[in-house]
Amino acid sequence: MRTTVGWRADGPAAALRRATVERRDLRPDDLAVRVDYCGVCHTDLHAVHAHTGGTNLVPGHEFTGVVTEVGPEVTGFAVGDPVAVGNIVDSCGVCAMCRADQENFCHEFPTLTYGGTDRHDGSTTLGGYSREYIVRDRFAYLLPAGLDPAAAAPLLCAGITVWEPLRALGVGPGSRVAVAGLGGLGHLAVKLAVALGADTTVISRSPDKAGDARRLGAHDLVDSTDPDRMAAARDRFDVVVDTISAPHDVGPYLRLVAMDGTLSQVGYLGELTVDTMDLLVGRKKLSSAGSGGRAATAAMLAFCAEHGVTADIELLASARVNEALDRLQRNDVRYRFVLDMSDLS
């Protein structure tokens, strides 16, 4: 084993603390990555709050860094390469989903970057809130030139989470897209939809975000607390990407979907109650998506480099991780915290 330093959770009420983090020795197809920047995701917040101790928890699953060592079978990377790693670090590789380049839907469940189970030794994976990460080469991505590594880090979770449904639903020039919720996921959904050529609208309960919505490229903001505005937007959008992370009624958002259109729910991971009439009237569809496979992730990074798409971030020293989590809980960020891990050296 080898060791590095990171930020570890010891329980739901405890602050993350600096601690030694054990990493495996390199396997033949592994990379050692010096983690430079790691995004702070709502999933990290949920994981910390749900953690009861007993096993180590080091959050972080959207990060960029530099390759410092390669295993003897690695051919696609060299020491010094800038790379990005997302929320999946392995899969079975043989099921129908893996063969279809959808490792995110692996029938044996993909190995998550933290809180997952290593497929070789059964250990619990520890995440990117650390100075080093060891990852199988198939699940690391060369970071395209021109992408700021700090602002690119959130693309590896928030970005791919919204890219997957936008591409699967054929969003492009002429598409009418609405993004519900303007946060970490939502602001990237707006940027990507606009870059794909869609006429894009933000649906938000915060009308004061209208300026931000237009700066991000959206054509309009509909106040979801205004019944008249919501009624006027009925049946208007081919695709509604719902990025709201809290439990909520999806009915008002389904009513915004045009005939044969789709509401893709990617923000809230829990039970939903749907009135069939909201689907029936207009042959509307309710779908979801989660992360993306290797091919889609590489394609997203190339697209973002071509179109200059990165996250709007607030960069904090990693020692301020607890401040970041506290402010994230209060939605006090526009639009993604990223930790600078250099203070762990």
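Below, all heavy atoms of this structure are taken into account, side chains as well, without hydrogens, waters or symmetry copies. Please read all numbers here as calculations on a predicted model, not as lab measurements.
Between Arg214 and Asp220, some side-chain heavy-atom pair lies under the 4.5 Å cut-off. Residues His61 and Cys41 meet the side-chain proximity criterion, which asks for heavy atoms closer than 4.5 Å. The shortest distance between side-chain heavy atoms of Ser287 and Leu263 does not fall below 4.5 Å. Within the 4.5 Å cutoff, the side chain of Leu216 has heavy atoms near those of the Lys191 side chain. In this structure, Leu16 and Arg8 have side chains that are not in contact, with every pair of non-hydrogen atoms separated by 4.5 Å or more. Two residues are said to be in side-chain contact when any heavy atoms from C-beta on lie closer than 4.5 Å; Leu254 and Leu279 meet this criterion. You'll find the side chain of Gln265 stays beyond 4.5 Å of the side chain of Val274, heavy atoms only. In this structure, the side chains of Phe139 and Thr113 stay at 4.5 Å or more apart for every pair of heavy atoms.
Tested against Val257, the residues Asp238, Val240, Asp235, Val239 include a single side-chain contact (heavy atoms from CB on, under 4.5 Å) partner, Val240.
Between the side chains of Arg23 and Thr3, no donor-acceptor pair is found at a separation under 3.5 Å. Remark: the Tyr268 side chain and the Asp242 side chain contain no N/O donor-acceptor pair separated by less than 3.5 Å. In summary, the side chains of Asp118 and Ser123 do not present any donor paired with an acceptor at a separation below 3.5 Å, with no hydrogens or angles considered. Between the side chains of Tyr114 and Asn87, no donor-acceptor pair is found at a separation under 3.5 Å. A side-chain donor-acceptor contact under 3.5 Å links Thr111 and Arg119.
Linking ILVMFWY side-chain heavy atoms closer than 4.5 Å, directly or via other members, places Val194 and Val222 in two distinct hydrophobic clusters. Both Val89 and Val74 sit in one connected hydrophobic cluster of ILVMFWY residues. Membership requires side-chain heavy atoms under 4.5 Å apart, directly or through other members. A continuous path of hydrophobic side-chain contacts links Leu185 to Leu196 [ILVMFWY only; heavy atoms under 4.5 Å]. Residues Val338 and Val40 do not share a hydrophobic cluster, clusters being chains of Ile/Leu/Val/Met/Phe/Trp/Tyr side chains in contact below 4.5 Å.
When ring centroids are compared, Phe63 and Tyr37 stay outside the 6.0 Å threshold.
Smallest separation of non-hydrogen atoms from Val202 and Ala218: CG2-CB, 4.0 Å. When every heavy atom of Leu301 is checked against every heavy atom of Leu147, the shortest pair comes out as O-CD1, 3.9 Å. Of all heavy-atom pairs spanning Arg138 and Arg294, the tightest one is O-NE, 2.7 Å. Nearest heavy atoms, Leu26 versus Gly71: CD2-N, 3.7 Å. What you find for Tyr129 and Leu325 is that their closest heavy atoms are OH-CD2, 4.3 Å.
Side-chain atoms of Thr243 come within 3.5 Å of backbone atoms of Ala180 as a donor-acceptor pair (strictly under, hydrogens ignored).
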*Go through the steps for Met97 and Glu103 under the test side chain to side chain contact (heavy atoms under 4.5 Å, CB included), then give the verdict.*
CA-CA 6 Å; Met97 288 297 180; Glu103 295 87 353; over 6 Å; no
Working note: Asp260 + Lys284, criterion side chain to side chain contact (heavy atoms under 4.5 Å, CB included); need CA distance, chi angles, decisive distance, verdict. CA-CA 5 Å; Asp260 292 321; Lys284 298 175 183 181; over 6 Å; no
Worksheet item: Between Arg334 and Glu314, does a salt bridge (charged side-chain N to carboxylate O under 4.0 Å, His left out) hold up when you go through it step by step?
Response: CA-CA 7 Å; Arg334 290 191 178 179; Glu314 182 175 343; over 6 Å; no
Checklist line | Criterion side chain to side chain contact (heavy atoms under 4.5 Å, CB included) on Val33 and Val135, from CA distance to verdict | finding: CA-CA 8 Å; Val33 177; Val135 61; 4.1 Å; yes
Assess whether salt bridge (charged side-chain N to carboxylate O under 4.0 Å, His left out) is satisfied between Arg320 and Asp343, documenting all intermediate values.
CA-CA 10 Å; Arg320 297 172 66 186; Asp343 62 351; over 6 Å; no
- side chain to side chain contact (heavy atoms under 4.5 Å, CB included) between Ser206 and Leu182, intermediate numbers included: CA-CA 9 Å; Ser206 302; Leu182 193 59; over 6 Å; no
* To do: Test Asp10 against Arg17 for salt bridge (charged side-chain N to carboxylate O under 4.0 Å, His left out), laying out the working first.
  => CA-CA 8 Å; Asp10 293 322; Arg17 65 182 183 88; 2.6 Å; yes
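Separating the CG atom in Asp29 from the CZ atom in Arg27 is a distance of 8.0 Å, to the nearest 0.5 Å. Taking CG from Leu192 and SG from Cys304, the interatomic distance works out to 5.0 Å, rounded to the nearest 0.5 Å. Here OG of Ser245 is found 8.5 Å from CG of Leu328. Values are rounded to the nearest 0.5 Å. Rounding to the nearest 0.5 Å places OG of Ser224 at 7.5 Å from CZ of Arg205.
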Would you give me the side-chain donor-acceptor pairs under 3.5 Å for residues 156-167, sequence neighbours excluded?
| unit_1 | atom_1 | unit_2 | atom_2 | d |
| --- | --- | --- | --- | --- |
| Thr161 | OG1 | Cys157 | O | 2.7 |
| Glu164 | OE2 | Gln102 | NE2 | 3.0 |

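Surrounding CE of Met277 are at most 12 heavy atoms belonging to other residues, nucleotides or ligands under 6.0 Å away. Within 6.0 Å of the CD atom in Glu22, the count of heavy atoms belonging to other residues, nucleotides or ligands does not exceed 12.
Taking 4.0 Å as the cut-off between side-chain N and carboxylate O, Asp199 and Arg176 do not count as a salt-bridged pair. Ion pairing of Asp30 with Arg24 is present here, as a side-chain N (NZ or NE/NH1/NH2) and a carboxylate O approach within less than 4.0 Å. Residues Asp212 and Lys209 are not paired through a salt bridge, judged by the lack of any N-O separation under 4.0 Å between the basic side chain and the carboxylate.
Qualifying ring-ring contact (aromatic ring centres under 6.0 Å, His included) partners for Trp7, counting only residues two or more places apart in sequence or in other chains: none.
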